[in-house]
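These notes are about the structure you will find just below.
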Amino acid sequence: MNGYTLIHLTDTHLRPPGELLFGALDTWARTAEALRAAARYRPDAVVVTGDIADSGRDIYAGAAGLFARAGRELGCPVIVLPGNHDVPGTRAWTAEAFTGSRTDTGPGPGNEVHFVGGLRLVTLDSDDPGQPAGRLTGEQLHWLDAVLAESAPDGTVLALHHPPVDSLLPQLAGRGLARPAELAGVLAGSDVRAVLCGHYHHAVSGRLGTVPVWAGPAVSYGQDLFAPPQTVQGLDSSWLSVIRLDEGGFSAVPVPLRPAGTVVFSRAAVHHKAAAHPIAAHPIAAPLPGAVPAADTTRFTRPLPEPARAPGHPYRQQPLLPVSQGEPVAAP
Ligand SMILES: [Fe+2]
């Protein structure tokens, strides 16, 4: 079974150009920054799990242009599905804007099948308009069941906006996917290797039956997990997640795109031969004489780059994207 690296973005909350989210956050710049940072990991695909727009703003033509350009420069598909902020009527999925790599469609926009090599990615629209919780209809579940009846060569990743696991915050109770057991029943015995979600604006991992679930932290802003009771507060933070699938299973690493603090030490790393890839090697180990710096990346379809050696946020020292002419991925 081949290995894959996915970049998982979620909750970009794009507003019309010139409008800042909460009067403070340039979510176009954050989304472009996340796409630039994705280049560091040489992904096999980028998956964006909903709330592309903020409050249904009609930004989809611009978003489709940005994602299409990023896909060209990254050399991989950018797979996009809707969230609860992508209200019906302005969803660009009906305008075929985000459908570049799909091979099949289900009942309604946002329910799609994509293939990346032998890995199948299935997207679902989990929004239940006007309701706090997400839902999957019987029609969607039947379609998913039919799709999964035939296994993909390297398995399947399922992506939807509403997590089938609870938030840490009591304030967000009842806002995940309703009736997760129904989805668990469809996934039981299938080749689904992971479920990717967003929506909570904080990271949470869990399990649906035996399938790992990752709800990624948001590109736009973070949820304050110390918010007073009966209050929800947004924090100025921006994240992507690096998802790895290999023979041994699944991992998800949340990566902050805003500096989370100052550098308190920096020294040479030792890469052990058995390390899966350089970035995951032990960063705090002291250098040893005769250490072997190269790591085995053969399990992944695309080798990972060496980490940047300059201090600070490493991706800032990288070319914007591998085939970029030096021109930034710009907001419209
Ligand atoms: Fe959101």
Side-chain angles (χ1 to χ4, degrees), residues 7-16 19-35 46-60 62-63 66-67 78-93 98 110 123-135 159-178 195-206 213-225 227 231-241 252 254-258:
I7 294 299
H8 176 205
L9 310 182
T10 194
D11 296 84
T12 51
H13 285 262
L14 299 170
R15 295 180 68 88
E19 277 189 35
L20 299 177
L21 182 63
F22 308 123
L25 306 178
D26 184 346
T27 48
W28 285 101
R30 290 184 175 206
T31 304
E33 186 178 19
L35 292 165
V46 175
V47 182
V48 192
T49 52
D51 283 4
I52 309 306
D54 183 63
S55 302
R57 296 299 196 280
D58 190 5
I59 48 65
Y60 297 107
L66 177 62
F67 291 139
V78 178
I79 297 165
V80 182
L81 62 95
N84 54 296
H85 276 251
D86 301 305
V87 297
T90 57
R91 280 183 180 166
W93 287 266
F98 296 121
T123 69
L124 293 171
D125 177 1
S126 57
D127 185 33
D128 188 2
Q131 298 302 312
R135 71 154 180 192
L160 70 166
H161 185 65
H162 294 80
V165 295
D166 289 334
S167 166
L168 179 68
L169 285 176
Q171 297 93 310
L172 299 184
R175 293 185 177 273
L177 183 72
V195 178
L196 303 181
C197 318
H199 190 50
Y200 290 149
H201 291 234
H202 70 75
V204 55
S205 70
V213 174
W214 175 251
V219 171
S220 54
Y221 70 93
Q223 198 73 248
D224 184 355
L225 298 177
T231 303
V232 288
Q233 286 182 180
L235 297 176
D236 180 359
S237 69
S238 184
W239 301 77
L240 60 76
S241 301
V255 177
L257 293 164
R258 304 268 121 188

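Remember, it's 1-based here, ligands and their atoms both numbered in the order they're listed. Computed over heavy atoms, backbone and side chain alike; hydrogens, waters and symmetry mates excluded. One is the number of the first residue; the rest follow in order along the sequence.
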Provide the atom name of the closest N, O or S atom of D51 relative to the Fe ion (ligand 1).
->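 This turns out to be OD2.
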
N, O or S atom within D11 nearest to the Fe ion (ligand 1), by name |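 In D11, the heteroatom (N, O or S) nearest the Fe ion (ligand 1) is OD2.
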
So, is H13 placed with an N/O/S atom under 2.8 Å from the Fe ion (ligand 1), counting both backbone and side chain?
->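 Here the distance criterion (N, O or S atom, under 2.8 Å) is met by H13, so yes.
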
Does any N, O or S atom of H201, backbone or side chain, fall under 2.8 Å from the Fe ion (ligand 1)?
->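 An N, O or S atom of H201 is closer than 2.8 Å to the Fe ion (ligand 1), so yes.
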
Salt-bridge present (D11, R30; N to O < 4.0 Å) =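 R30 and D11: not salt-bridged.
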
Any chance you could lay out the side chain to side chain donor-acceptor pair (under 3.5 Å) test for H13 and S220, step after step, and finish with the verdict?
-> CA-CA 6 Å; H13 285 262; S220 54; 4.5 Å; no

Partners of R175 by side-chain hydrogen bond (donor to acceptor under 3.5 Å, both in side chains), sequence neighbours excluded?
->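 Counting only residues at least two positions away or on another chain, R175 forms no side-chain hydrogen bond (donor to acceptor under 3.5 Å, both in side chains).
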
Heavy atoms from other residues, nucleotides or ligands near CG of D128 exceed 12 (cutoff 6.0 Å) |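 Yes.
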
